[in-house]
Protein chains: 4
Amino acid sequence: MVKQTFLNLPKEKRERIIEIAIEEFASKPYTKASLSNIVNRAGIAKGSMYQYFEDKRALFRYLLELAAQEKLAFLKEAEVNSDVNFFETLEKVMLAGFRFNLAHPQLSRIVANAMEGTGEAVIQEFMMSGRKMACEYFMELLKRGQEGGEVSPDVNVRLTANLLNRILGEGLADYILEIMEVDLHEFLTKPEIAQNISEDTIKNIVNEAIRFLRNGLEAQS
Amino acid sequence: MVKQTFLNLPKEKRERIIEIAIEEFASKPYTKASLSNIVNRAGIAKGSMYQYFEDKRALFRYLLELAAQEKLAFLKEAEVNSDVNFFETLEKVMLAGFRFNLAHPQLSRIVANAMEGTGEAVIQEFMMSGRKMACEYFMELLKRGQEGGEVSPDVNVRLTANLLNRILGEGLADYILEIMEVDLHEFLTKPEIAQNISEDTIKNIVNEAIRFLRNGLEAQS
Amino acid sequence: MVKQTFLNLPKEKRERIIEIAIEEFASKPYTKASLSNIVNRAGIAKGSMYQYFEDKRALFRYLLELAAQEKLAFLKEAEVNSDVNFFETLEKVMLAGFRFNLAHPQLSRIVANAMEGTGEAVIQEFMMSGRKMACEYFMELLKRGQEGGEVSPDVNVRLTANLLNRILGEGLADYILEIMEVDLHEFLTKPEIAQNISEDTIKNIVNEAIRFLRNGLEAQS
Amino acid sequence: MVKQTFLNLPKEKRERIIEIAIEEFASKPYTKASLSNIVNRAGIAKGSMYQYFEDKRALFRYLLELAAQEKLAFLKEAEVNSDVNFFETLEKVMLAGFRFNLAHPQLSRIVANAMEGTGEAVIQEFMMSGRKMACEYFMELLKRGQEGGEVSPDVNVRLTANLLNRILGEGLADYILEIMEVDLHEFLTKPEIAQNISEDTIKNIVNEAIRFLRNGLEAQS
DNA sequence: CATGAATGAGCATTCATTCAT
DNA sequence: AATGAATGAATGCTCATTCAT
């Protein structure tokens, strides 16, 4: 759906377009985001956008894929290794997600926008499949945790996977806004806010959340 | 923002308009929901809508207020009494929320739509204040729980309140769709699906979630 | 497909819009005819057009229906009475068609434009059904002519109906342009040309055509 | 207007391009036919088309010329010899036209599309001159027929030429569709339909038409 | 208080054509 | 000669909102 034409573009131009598109889609819901705005700000012709992407949906989807890639990069960076310890793994996943949120608040916002309905079937399917994958990952993790004796055999794997998904995805994001005493718009437009949150703060939050989860899920010895 | 004119309307007409508006706003994102659609289906004049509500935002906000009222009614019905026992209270709150979700899937959907950006500042503020109130309620609950010795003094009250908010609001909703093996559209348009979920199922889910939370939050004796 | 709104318009305004629309659709093929042009020239808002007609197709179809009505009026005027004499009837039909062509050259042109493909299925179906009706009318006429002994029993009714349809519809129109030594554009934009063709000329042409047909079809005594 | 560049192309490539262009222009009206479609399907660069043809009009005109050539080939094949007998000549011309129609339904369709307005002056002039030539040919034929005593001296040569032109061009085409009980789209996309019409059927139709014309035009002995 | 026509900015999208490489 | 990215005017259409009746 992205066209080769776009990928052939000089890196600088490509990135400027993406940056502006991200700003547009992060600052308003999908239907209000305007291609005209984007092309005007990017200084390119309206028609060019259609040489780069099949249509509005395709551009949006490209941004979502980009967000997914970027998040994956953070997970790689965190050296998540699902094979060892359940709670350790969970902590790493949380940390990675958290860091991604702070490093790319606008991309995170786009994902959130996409979650709650753009009115476009294609996008919805894409998000659903993403959510499914995430849930399956958590389910797999929980099952292994149960097999390894770390996670109580009593926990409902599917239910918990869903809760984890929501908690990790957005529960923590809400908390950030609250402790920073900032509203969403400020958070998105003033990058220094996100950047000034120290690694310590992040780790503390994650630790507390993990402790909470550990008690809730851990097998009683 | 609702005008007196609307409230003076014969009950029947008022309810028909609201019902149709709910369907419209539940089935598509705010920006795609169309007043024209609503007035056509309701068989009233376009201009009349503007006698009833200041503008599109005001109508939407009215629906949100209605959802809030309705949810409150479910909470009342559940005889939530914050004074007694923390986990019991939490369970009642969850049950009430759950039942509201199943009784009014479309209203729930509207609330979800409103959460993630209508692009309208007024709506956003309204939602933020709602979220704040909910969080403050949970914080209050948690603090009393700590004072009463039920909740561990170690839990971060604010963080936990945020997590509870997300878990109760949407985490369970996702789970429902998953176990029913239904997609959102089906769930919204086929009321029998929601109605056929037995009280037992609901109670089981809530129990599992509560057990999970109890372990995570309970003071170790 | 025309909306009541349009029909409620003050006659003057309605007619101005139609006149301008006819000019637009007569002067270029359907796809090149532009709603923007029409509304600009008519001095109405773009949106208003959509209060009057469902879409471009509906406007065009309305013009086609108008042409049909107008032609019918000419047929009525000619006191066509299919019951009497075949060749007399045919002559009257021809005369009526001819007079319609000269009185409404632009409407005739719109019909011709519609014949050869607008690329719109709805329009195509409409035209096909029109053609079918015309052919059936001629077939009926021919059959009665055969029963009455005027038309040779040897003539292939269906084939002849098709030929008559084409001859009456457009064959004569071509001839007009040729004898007037005028091109289509002049003919459409200078109404005086069509108006200056005398009744005598018309009758002569029709007579010659009828004589030609009479010989071709008449039963040999 | 065709550029030498195109003519220098390897035959195979040239023919593929033409074939695809014919499909495009036969399946939709001139203004809706899209060069982008053509080049994509042909696997050539957009710019190349402009090395081959001056513009869209030039390509279309080239197809029209090709149709003319092809039709001429059918006339040659039919060994039309205007010198001998009027009605025999007419029959041969009709047969040739008929066979061309069935052998190249798409080319025929392009010609029909071109007749009723592409909105391009150049094309219109081209078609007009074609029509003029055809009419002049028929006039010449009729005059000789009159001189030879076959055709009644009373027939209006110019009028009849126009009628013949329409009858031979499209009147018969309509009839085909009708007896085949096929619509235009089927006829264009399913070549077997045209091919399955037997020589006998063709000859019968032509004979009937000729008999009709013979009666209408023949000098009474 | 109801009506519903009028408005016009705004939108996504298409397309023939140009031109630098 | 071939390419294919760039262009931007133009198009049909939608919609919240206004306002005269």
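Within every chain, numbering begins at 1; the chains are lettered A, B, ... in the order of the sequence lines, protein sequences first and strands thereafter. Worth saying up front: this structure is predicted, and the values here are computed from it rather than measured.
- What separates CD of B/Gln4 from P of E/dC1 is a distance of 9 Å, to the nearest Å.
- Following rounding to the nearest Å, D/Met49 (CE) and E/dC15 (C1') show an atom-to-atom distance of 15 Å.
- Two residues, A/Ser34 and C/Gln51, neighbour DNA chain E, and the one matched to the more 5' nucleotide by heavy-atom proximity is C/Gln51.
- The distance between atom CG of C/Asn40 and atom P of E/dA9, rounded to the nearest whole Å, is 12 Å.
- Contact annotation: B/Tyr52 reaches the phosphate of E/dA2 (side-chain N/O to OP1 or OP2, under 4.0 Å).
- Within 4.0 Å of B/Ser48, counting heavy atoms only, lies at least one base atom of the nucleic acid.
- Remark on DNA chain F: of its neighbouring residues B/Leu35 and A/Asn8, the 5'-side contact belongs to A/Asn8, judged by nearest-heavy-atom nucleotide.
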* Asked: For D/Arg109 and D/Leu184, what are the C-alpha separation, side-chain angles and deciding distance, and is it a side-chain contact (heavy atoms from CB on, under 4.5 Å)?
  -> CA-CA 9 Å; D/Arg109 182 68 201 153; D/Leu184 189 55; 3.3 Å; yes
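- Heavy atoms of C/Phe6 sit nowhere under 4.0 angstrom from any nucleic acid atom.
- Note on D/Lys28 versus D/Glu24: salt bridge recorded, some NZ/NE/NH1/NH2 to OD/OE distance being below 4.0 Å.
- Ion pair A/Glu65/A/Arg61 flagged as a salt bridge, since at least one NZ, NE, NH1 or NH2 atom sits closer than 4.0 Å to an Asp/Glu carboxylate oxygen.
- Within 4.0 Å (heavy atoms only), C/Lys56 reaches sugar-phosphate atoms of the nucleic acid but no base atom.
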* Go through C/Ile110 and C/Leu66 one step at a time and tell me if the side-chain contact (heavy atoms from CB on, under 4.5 Å) criterion holds. => CA-CA 11 Å; C/Ile110 286 177; C/Leu66 209 139; over 6 Å; no
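- Residue A/Phe53 is classed as having no contact, given no heavy-atom separation below 4.0 Å to the nucleic acid.
- B/Leu59 comes within 4.0 angstrom of no nucleic acid atom, judged by non-hydrogen atoms across all strands.
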* **Candidate pair D/Tyr30 and C/Lys32, rule side-chain contact (heavy atoms from CB on, under 4.5 Å), full reasoning** => CA-CA 10 Å; D/Tyr30 177 79; C/Lys32 272 211 170 168; 5.5 Å; no
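- Look at OH on A/Tyr50: it is 13 Å from C1' on E/dC15, rounded to the nearest Å.
- Taking every nucleotide of DNA chain F with any atom under 4.0 Å from a non-hydrogen atom of chain A, the first and last of them, 5' to 3', are F/dA5 to F/dG8.
- With rounding to whole Å, A/Met1 atom CE is found 11 Å from E/dT13 atom P.
- Checked against a 6.0 Å centroid threshold, the rings of D/Phe6 and D/Tyr62 count as neighbours.
- In this structure, C/Arg41 pairs ionically with C/Glu23, as a charged nitrogen and a carboxylate oxygen lie closer than 4.0 Å.
- Each of A/Arg57 and C/Ile44 has a nearest nucleotide on DNA chain E; the 5'-most of these lies closest to C/Ile44.
- The strand DNA chain F forms stems, runs of 3 or more Watson-Crick or G-U wobble pairs with distances below 3.5 Å, at E:2-21 with F:2-21.
- Within 4.0 Å of B/Ile38, counting heavy atoms only, lies no atom of the nucleic acid at all.
- Formation of a donor-acceptor pair under 3.5 Å by the A/Lys3 side chain with backbone atoms of A/Tyr50 is found in this model.
- Rounded to the nearest 0.5 angstrom, A/Phe60 CZ and A/Ile22 CD1 are separated by 11.0 Å.
- As a whole-Å value, the separation of A/Lys32 NZ from E/dA12 P is 13 Å.
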* Could you walk me through whether D/Ile38 and D/Leu59 pass side-chain contact (heavy atoms from CB on, under 4.5 Å), step by step? => CA-CA 11 Å; D/Ile38 295 171; D/Leu59 167 58; 4.1 Å; yes
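- Projected onto DNA chain F by closest heavy-atom contact, B/Tyr30 and C/Lys46 fall at different nucleotides, the more 5' of which corresponds to C/Lys46.
- At the heavy-atom level, D/Ala58 lies nowhere under 4.0 Å from the strands shown.
- The residue A/Lys13 sits close only to the backbone: its heavy atoms come under 4.0 Å of sugar-phosphate atoms, none of a base.
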